[in-house]
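If you're wondering where the values come from, they're calculated on a predicted model, not measured in any experiment.
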Amino acid sequence: MNNSSGDRPCFALVAHDARKDEIVAWVGLQRTWISGVSIVSTGTTGGRIKEAFPELNVTCLKSGPLGGDQQIGAMICEEKLDALIFFVDPLSPMPHDVDVKALTRLATVYDLPMACSRSTADLIVKGLRETNSNAQS
């Protein structure tokens, strides 16, 4: 784990408008495990997750186009995250596409696990769950 803030893993959760329902549903499917994770999220996505699951530890940053993507980028550079889950909508034009590319680049530079879909997000959770189980054995 990269996160230097404590025992809990820290995930950044972001979703484009067309995929916000999907990331909320994914959080619901992973709720048991993700309840032990600190979540940082861009504004609207985080608000939707908090509304659906008020018991989760969610910190909302600014909206993506208003600087939330850059706030997450800074957290990647500071090695405060253990994973970036970014449900990207590949079918809609993205006016802030450069922000998406910047997050992808930073995640690659800092070797941060990054998922852009439900199946890869599931693999990240599975891998971290197995890593934590092995560390406790």
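In terms of modelled atom types and a separation under 3.5 Å, the side chain of S63 and the main chain of G43 share no donor-acceptor contact. Using a distance-only test at 3.5 Å, with no hydrogens or angles considered, a donor-acceptor pair links the side chain of T120 to the main chain of S117. In this structure a side-chain-to-backbone donor-acceptor pair under 3.5 Å is present from D82 to C10.
No chain of hydrophobic side-chain contacts below 4.5 Å, direct or via other Ile, Leu, Val, Met, Phe, Trp or Tyr residues, connects V88 to L91.
In this structure, the side chains of V100 and H16 come closer than 4.5 Å at one or more pairs of heavy atoms. Residues N57 and R8 form a side-chain contact, since some pair of their non-hydrogen atoms from C-beta on lies under 4.5 Å apart.
Minimum heavy-atom separation, C60 to G47: SG-N, 3.6 Å. Summarising the geometry of A12 relative to I72, their closest heavy-atom pair is CB-CG2, 3.9 Å, with the distance given to 0.1 Å. Taking all atoms of both residues into account, the shortest heavy-atom contact from L81 to L112 is O-CD1, 3.3 Å. Closest approach of V125 and Q30 over heavy atoms only: CG1-OE1, 3.3 Å. Between G46 and S41, the shortest heavy-atom contact is N-OG, 3.1 Å. Closest approach of A25 and R118 over heavy atoms only: CB-NH2, 3.6 Å.
Remark: of the listed residues F86, W33, W26, W33 is the sole one forming a ring-ring contact (aromatic ring centres under 6.0 Å, His included) with F11. Residue F53 is tested with I39, V24, I34 for a side-chain contact (heavy atoms from CB on, under 4.5 Å); the sole match is V24.
Among residues two or more places apart in sequence or in another chain, the side-chain hydrogen bond (donor to acceptor under 3.5 Å, both in side chains) test is passed with R19 by E22. With sequence neighbours left out, the side-chain contact (heavy atoms from CB on, under 4.5 Å) criterion links D21 to R48.
E51 contributes atom CD, which lies 11.5 Å from atom CD1 of I49 (distance to the nearest 0.5 angstrom). Distance check, rounded to the nearest 0.5 Å: OH of Y110 to CD of E78 gives 9.0 Å. Taken to the nearest 0.5 Å, the CD1 atom of I85 stands 12.5 Å off from the OG1 atom of T45. Taken from CE in M75 to CG in L106, the straight-line distance is 13.0 Å, to the nearest 0.5 Å. Going from atom CZ of R129 over to atom CG of D122 covers 8.5 Å, rounded to the nearest 0.5 Å. The CD atom of Q71 lies 10.0 Å from the CG atom of L66; values are rounded to the nearest 0.5 Å.
Summarising the local packing, NZ of K62 is surrounded by 12 or fewer heavy atoms from other residues, nucleotides or ligands at distances under 6.0 Å. Counting heavy-atom neighbours within 6.0 Å of E55 CD, excluding the residue itself, gives a total above 12.
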